[in-house]
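Input: a single structure, listed below in structure tokens.
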Amino acid sequence: MTRRESDPLAAAVAAIRAGRLAAMPTETVYGLAGDATRPGTVLAIYERKDRPSFDPLIVHLAAAEAADGVARVSATARALMDRFWPGPLTLVLPRRSAIPDVVTAGLDTVGVRCPDHPLARNLIRRAGRPLAAPSANRFGRVSPTTAAHVHEQFPDADFPIVDGGPCRVGVESTVLALIAEPVVLRPGAVTPAELGTVLGSPPRLAAAADHRVNAPQQAPGRLPSHYAPRTPLVLRLPGAPWPTGTGLGYLAFRGHDLPPAVGPVEVLSPTGDLREAATRLFAALRRLDAAGCVRLIAELVPEEGIGLAIDDRLRRAGVETAS
Ligand code: TXA
Ligand code: MG
């Protein structure tokens, strides 16, 4: 018998098997997981997060072979799984009845993904169930990229939190709908260009994910408040001057053009590496949020590759204004 101390997953496996919750690391962000086939467990996930029940959950699998049990897998979907799984790509597919309504918010589609993290895949395999898992944060707040972030969000957590260290990718998975024409519902680490190598051409971004179409400045008060720190956050457009004044905190991409002697600063990647910036994004936002500023200024990054995902999260966290 393996002793519990040497088996970091034992408590989580037991919790999931008993129909309770467990927080698990993935390569993107930490998830709050439960047995996707038990409606009562899935309801508890929504309740724990204060998440509205109309926002469907992603079903996590240990391997692509398990997808047939929860969704109708087309040849295109299979080709995408072969290329990108395990990895940060969620596919929205027609669902099968093994997945209860509460997981999909009543939709006849289901989001499925196979995470690229050994602890997550071992947990799913040992639990013997597909796991419904949203990001392990309270609804509308910044997603956790360390186990400590999960503790911060749930100080009274009555569920095991599996510590897998800092998440490698740092932003949530790309969500690709394969119901009609392929559409990216949420940009992530798997880019439209990479998807295009399998699909034949890059998929379009859904209007809600494409800020060039759905320009936030056209409806400033109606931005979905998501991924938000508590401190008000204002976006700095590329090339615009950095605002200065007391009480400001700065989230910079490369940090090379910051004015001297400003307030608290987080630089995402001095070398301009977008993947490094994505990995650091949420932890940097949390540190700035805890720095006692009256307002945060965040710089948008180039809209290429994973930069699309970074800008998507920043735009959801803040408002775009000139000052
Ligand atoms: O990287 C990730 O995807 C993380 C880790 C834990 O796997 N999970 C995550 O879950 O970000 P969550 O619940 O925070 O975000 C799931 C997103 C939501 O935007 C939801 O609307 C969308 O996926 N989604 C899930 N099922 C869907 C469906 N059937 N149709 C359309 N969108 C769906
Ligand atoms: Mg989330």
Side-chain angles (χ1 to χ4, degrees), residues 21-34 36 42 45-46 48-62 70-72 77 84-96 99-117 119-121 123-124 130-147 149-150 153 161-162 164 167-180 182-190 205-206 208-209 224-228 278-279 281-282 306 309 312-313 316-317:
L21 311 185
M24 67 174 179
T26 81
E27 81 280 33
T28 57
V29 301
Y30 278 70
L32 183 59
V42 177
I45 297 177
Y46 285 92
R48 222 54 184 73
K49 276 186 62 100
D50 303 318
R51 180 180 175 118
S53 57
F54 55 76
D55 194 4
L57 305 182
I58 294 170
V59 173
H60 294 67
L61 309 169
V70 298
R72 287 214 308 278
F84 296 107
W85 281 13
L89 175 64
T90 295
L91 298 175
V92 173
L93 303 170
R95 77 158 152 144
R96 292 197 193 278
I99 295 303
D101 279 345
V102 59
V103 173
T104 69
L107 298 173
D108 51 13
T109 58
V110 60
V112 289
R113 109 172 181 90
C114 177
D116 187 14
H117 196 295
L119 289 173
R121 285 214 305 288
L123 174 60
I124 303 165
L131 297 188
S135 50
N137 52 279
R138 296 196 190 271
F139 184 69
R141 306 246 71 98
V142 179
S143 294
T145 53
T146 67
H149 294 165
V150 182
Q153 287 282 293
I161 300 173
V162 179
C167 299
R168 176 172 58 79
V169 174
V171 293
E172 305 85 347
S173 62
T174 303
V175 178
L176 178 72
L178 287 179
I179 301 304
V183 179
V184 173
L185 301 180
R186 177 175 73 182
V190 177
L205 296 183
S225 170
H226 234 93
Y227 312 99
T279 305
L281 175 66
F282 289 149
I306 200 171
D312 173 73
R313 306 311 188 267
R316 287 172 201 271

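We count ligands from 1, going down the list as the structure has it; atoms in each ligand are counted the same way. These numbers were taken from a predicted model, which means no experiment stands behind them. FYI, side chains are in, hydrogens and waters are out, and symmetry mates aren't considered; it's all heavy atoms of this structure.
Of the inter-residue distances, the one linking Ile306 atom CD1 with Leu281 atom CG reads 9.5 Å to the nearest 0.5 angstrom. Taking CG of Leu185 as the reference point, atom CG of Leu176 lies at 7.5 Å (rounded to 0.5 Å). Interatomic distance, SG of Cys167 versus OH of Tyr30, reported as 5.5 Å (0.5 Å rounding). To the nearest 0.5 Å, the span separating CD1 on Ile45 from CG on Leu21 amounts to 5.5 Å.
Looking only at distances, a side-chain donor or acceptor of Thr174 sits under 3.5 Å from a matching main-chain atom of Gly188. Panel note: side chain Arg138, backbone Gln153; a donor-acceptor pair is recorded below 3.5 Å. Between the side chain of Arg313 and the backbone N or O of Ala228, no donor-acceptor pair lies under 3.5 Å.
Regarding atom 21 (O) of ligand 1, its nearest protein heavy-atom neighbour is Asp55 OD1, 2.9 Å. In this structure, atom 14 (O) of ligand 1 lies nearest to the protein heavy atom Ser135 OG, 3.0 Å. Among all protein heavy atoms, the one lying closest to atom 16 (C) of ligand 1 is Ile58 CD1, 3.5 Å. Protein heavy atom nearest atom 5 (C) of ligand 1, with residue, atom name and distance: Thr28 OG1, 3.6 Å. Nearest to atom 30 (N) of ligand 1 among the protein's heavy atoms is Val92 CG1, 3.6 Å. Scanning the protein heavy atoms around atom 31 (C) of ligand 1, the nearest turns out to be Leu185 CD1, 3.6 Å. Of the protein's non-hydrogen atoms, Arg186 NH1, 3.7 Å is the one closest to atom 17 (C) of ligand 1. Nearest non-hydrogen protein atom to atom 6 (C) of ligand 1 is Gly31 CA, 3.6 Å.
Scanning Arg95, His60, His117, Arg51 for the heavy atom closest to atom 12 (P) of ligand 1 points to Arg51. With atom 25 (C) of ligand 1 as the reference point, the heavy atom nearest to it among Pro56, Gly111, Ser173 is part of Pro56.
Counted by atom type alone, Arg168 and Thr28 present zero donor-acceptor pairs between their side chains at under 3.5 Å.
For Ser143, every N, O or S atom stays at 2.8 Å or more from the Mg ion (ligand 2).
Salt bridge annotation for Arg113-Glu172: absent, with no cationic side-chain nitrogen under 4.0 angstrom from a carboxylate oxygen. A salt bridge between Asp101 and Arg95 is present, with a side-chain N of the basic residue lying under 4.0 Å from a carboxylate O of the acidic one.
Distances between N or O atoms of Tyr30 and those of ligand 1 include no value under 3.5 Å.
Close approach of ligand 1 to Pro134 (heavy-atom distance below 4.0 Å) involves ligand atoms 10 (O), 12 (P), 13 (O).
Residue-level proximity to ligand 1 for Thr109 is carried by backbone and side chain together, each with a heavy atom below 4.0 angstrom. Residue contacts with ligand 1, taken as heavy atom pairs separated by less than 4.0 Å, do not involve Thr104 at all.
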